[in-house]
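Here is the structure we will look at.
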Amino acid sequence: MSFRSATDSVEEYIELMDTMRKFMSTPANKKIISREKQKSAKKDKKNIAPVEKSLTRADCLEVLLQLEELYKQICDAVMENQWRSFCMDEPTNSGVVFYYRPETFKILSKVITEPCYIEDRGTLIDEILETGDDLIISDIYVVRPFPLSTTGQLVEVEFPVNREVAVSSRMAMLIKVKANGVWSQIKNYRKRIEEHLAYISFSATQVEVFAALMEIPSEEFEVRPGGAVYRCFRDDNIQVHFPEGAVEEPTSVNIKIIPFNMEQVENHKNTSPDAILGILGVSDAIELDSHRGLNFKKNVTVQLRLMKEVPDDSQTELVVIRYDNRHIQVLDKSQARIITSGPNYTVDMKECCGIAIARIRRIFLNMRDTIKKEFQIIFGQIQLSAITTFIIDGSRQGPYLEFWVECIEKEHLKQRLEERLSQGLVEIKSSRSRDVLCRQKYNISISIKGQMYVEEFGYDSEERLTITFLRGADNHVRLSVRLKQELESVPYGSLVFSDDNDATLHSVSVATRELLEYPIGKTFTKLIYLTDEITAQELPKLNERTKFEWHPEQTETTSASVLSLSSLMVLAHQLTLSETKRLVQLLGLKQPPIRKIEEECEDSDVTQTKFRILCRWRDKRTNSTMADFLVSSLRIMGKSKIGDTITEKRQMDRGLISSDFNTFN
């Protein structure tokens, strides 16, 4: 490639040079260049004069000649690596890496690739999946701000996928790519396995959206009236015997084998020891389907083998697990006849459905719902997850704060919690949910109750945020909230989590006084400590059927003294007029009544003006919520010592006196 023939204008020369500077500063490219040649490149680079727009055309050409020589050295070094291309990590930390020819850098430098927005995920899942049986095993990645198009030069795109699926020899993967508004399948990919991660890569010239799927192909098998035998091409132990007379005319049946993934099950047991307790061993699952909703005239015999042999003793039981799109049944030997033939087992079926054989602990015959749940976990139909709630520590500024809510698969819980802690997120104590059974495209809606509201939605909005769950993806949302200060309301803010049927899955309630707490001073360490102490509390469910009853009169007596008229006069002496006005505004008093008092007290003493403003805020009521807000607002203003004094005297159940503040002077 010649720079001199690439353009004829000085402006374009300068733009090209800026692009090349970015190109050479990419960390991934620097790693590839050999140490010796990199030193040589740096030496030549020092001789290049800085380019400014005031340079002449001749100056630019001279610099470009030096740059072209340097460019050749870099290309020679880089093109020796095994990818035979340059590599660029995505700046969004999405795990996506591009491998590309040098000519395409200018295009790649203008786009980023990141996971799709959570609000778009449901729509994209519908576009990607051709059937409800397919499973997406990566996040869904989108190229922004416009699609990638390299005009004929192939770019290799590498991205992370589910490791258990990637390492299994019994599971196939494919990549779905959207380009020019059309989805296509890519089955030719490269795979790279690390200790805890797995990546696959594909080549393309145009990319808008992409994701990886676990491919579970089905075979179309013709059953004739005279009978037929199906044998799985991967495992001859899996067979289906259709007897003579099972169908009256030639009939096509789709047969799908769902492989048992031993590594995935072992990983579940290591990371979530209580996830799989009842099922000791299970076969592959086999699904028979017919577009006609076929019922066979005679019993069809299915032969399967347990993928993990378990001793047959008095403590275990062999069961048949039969399922369709709506139901799962666990059938013992009194409900289904299981015949043992060496290492294989046969069972009869008369309708099209899915079927598997499992050996379970006998005690779990009385806990069949648990067996159903474990079966779905083993075959990836559901994921055991936990709803976690964090506060973004640096976001706390007075009545403003930001929550980070995430649905994390239990097998990844420890790792994700460590990552979030390193990002400056603090999990609210006692806020983690019990196990939530999440399917692909499972929706968790989040509503805000009590003394909080989402700024984006407005003060009285009933709008909700939604997490659309996707296995192995980043399932989180951020909520920027503002605290209310409604004196007659319950002094708690709540996050309520519901499913698609509006059934409550979990709730987190926190006292607003804890959320308003601010450190004494501005030290970062103290701020973390206070956030770390925020604890979720058990409250009744806040819905239409269960009214939250709060009786402020039970706690008013401890607050009346510090909010008495004499205490407010003492407080007025400790604040300037501007501080008093700011304080009552934080406490919810509007500007018009403050102005009116200032006009009425224009000829009065300034202390009298401050006292009347405080009295106007207090009005005729005194309760614990008002005292909490007063202390929190003083701390927000940097008046933590005054707030601490009020808290101390409140605990002593007495009002404020002037000598309480003698040490302040």
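- Using a 4.5 Å cut-off on side-chain heavy atoms (C-beta onward), Arg144 and Val111 make no contact.
- Scored by the side chain to side chain contact (heavy atoms under 4.5 Å, CB included) test, Val606 finds Leu577 as partners (sequence neighbours excluded).
- The side chain to side chain contact (heavy atoms under 4.5 Å, CB included) test applied to Glu599 returns no partner, not counting sequence neighbours.
- For Glu409, the side-chain hydrogen bond (donor to acceptor under 3.5 Å, both in side chains) test picks out no residue, with sequence neighbours left out.
- In terms of modelled atom types and a separation under 3.5 Å, the side chain of Ser138 and the main chain of Val161 share no donor-acceptor contact.
- Take Thr576 and apply the side-chain hydrogen bond (donor to acceptor under 3.5 Å, both in side chains) test, not counting sequence neighbours, and it matches Ser578, Glu579.
- Applying the side chain to side chain contact (heavy atoms under 4.5 Å, CB included) test to Thr647 and every residue at least two apart in sequence or in another chain returns Val631, Arg635, Gln651.
- Put simply, the residue from Glu418, Glu419, His412 that forms a side chain to side chain donor-acceptor pair (under 3.5 Å) with Gln415 is Glu419.
- Applying the ring-ring contact (aromatic ring centres under 6.0 Å, His included) test to Phe497 and every residue at least two apart in sequence or in another chain returns His506.
- With rounding to the nearest 0.5 angstrom, the CG atom of Leu465 is 6.0 Å from the CD1 atom of Ile446.
- Tyr199 is linked by a ring-ring contact (aromatic ring centres under 6.0 Å, His included) to nothing, counting only residues two or more places apart in sequence or in another chain.
- Sorted by first and then second residue, the pairs that involve residues 605-616 and meet salt bridge (charged side-chain N to carboxylate O under 4.0 Å, His left out), not counting sequence neighbours, are Glu600-Arg612.
- For the side-chain hydrogen bond (donor to acceptor under 3.5 Å, both in side chains) condition, the pairs that include at least one residue of residues 580-596, sequence neighbours left out, are Lys581-Glu598.
- Scanning for side-chain hydrogen bond (donor to acceptor under 3.5 Å, both in side chains) contacts around Asp274 gives an empty result, with sequence neighbours left out.
- By the 6.0 Å and 45° rule, Arg471 does not stack over the aromatic ring of Tyr442.
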Stepwise, does the side chain to side chain donor-acceptor pair (under 3.5 Å) test hold for Ser494 with Ser509? CA-CA 4 Å; Ser494 297; Ser509 298; 2.6 Å; yes
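- Listed by chain and residue number, Glu427 satisfy the side-chain hydrogen bond (donor to acceptor under 3.5 Å, both in side chains) test with Arg432 (two or more places apart in sequence, or in another chain).
- Under the 4.5 Å side-chain criterion, counting only non-hydrogen atoms from C-beta, Arg618 is in contact with Leu565.
- Between atom CH2 of residue Trp404 and atom CG of residue Leu479 there is a gap of 11.5 Å, rounded to the nearest 0.5 Å.
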Given Lys641 and Asp644, is the salt bridge (charged side-chain N to carboxylate O under 4.0 Å, His left out) satisfied, shown in steps? CA-CA 5 Å; Lys641 290 185 178 180; Asp644 291 342; over 6 Å; no
Pair Phe390-Phe403, ring pair (Phe, Tyr, Trp, His ring centres under 6.0 Å): steps then yes or no: CA-CA 6 Å; Phe390 304 86; Phe403 289 103; over 10 Å; no
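- One finds a salt bridge joining Arg420 and Glu406 here, because a Lys/Arg side-chain nitrogen approaches an Asp/Glu carboxylate oxygen to under 4.0 Å.
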Considering only distance and modelled atom types, tabulate donor-acceptor pairs under 3.5 Å from the side chains of residues 121-129, sequence neighbours left out.
unit_1: Arg121; atom_1: NH1; unit_2: Thr468; atom_2: O; d: 2.8
unit_1: Arg121; atom_1: NH1; unit_2: Asn475; atom_2: OD1; d: 2.5
unit_1: Arg121; atom_1: NH2; unit_2: Asp474; atom_2: O; d: 3.1
unit_1: Asp126; atom_1: OD1; unit_2: Lys441; atom_2: NZ; d: 2.7
unit_1: Asp126; atom_1: OD2; unit_2: Lys441; atom_2: NZ; d: 2.8
unit_1: Glu127; atom_1: OE1; unit_2: Lys178; atom_2: NZ; d: 3.3
unit_1: Glu127; atom_1: OE1; unit_2: Trp183; atom_2: NE1; d: 3.0

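- To the nearest 0.5 Å, atom CG of residue Leu505 and atom CG of residue Asp435 are 12.0 Å apart.
- Taking CD of Glu648 as the start and CG of Asp660 as the end, the distance is 7.5 Å to the nearest 0.5 Å.
- Side chain of Asp499 to backbone of Asn501: a donor-acceptor contact under 3.5 angstrom is found.
- The structure places CD1 of Ile140 at 4.5 Å from SG of Cys116, a figure rounded to the nearest 0.5 Å.
- Separating the CE atom in Met569 from the CG atom in Leu614 is a distance of 9.5 Å, to the nearest 0.5 Å.
- For Glu374 (side chain) and Gly278 (main-chain N/O), a donor-acceptor pair under 3.5 Å exists by modelled atom type.
- Looking only at atom types and distance, the side chain of Gln383 has no donor-acceptor partner in the side chain of Arg439 under 3.5 Å away.
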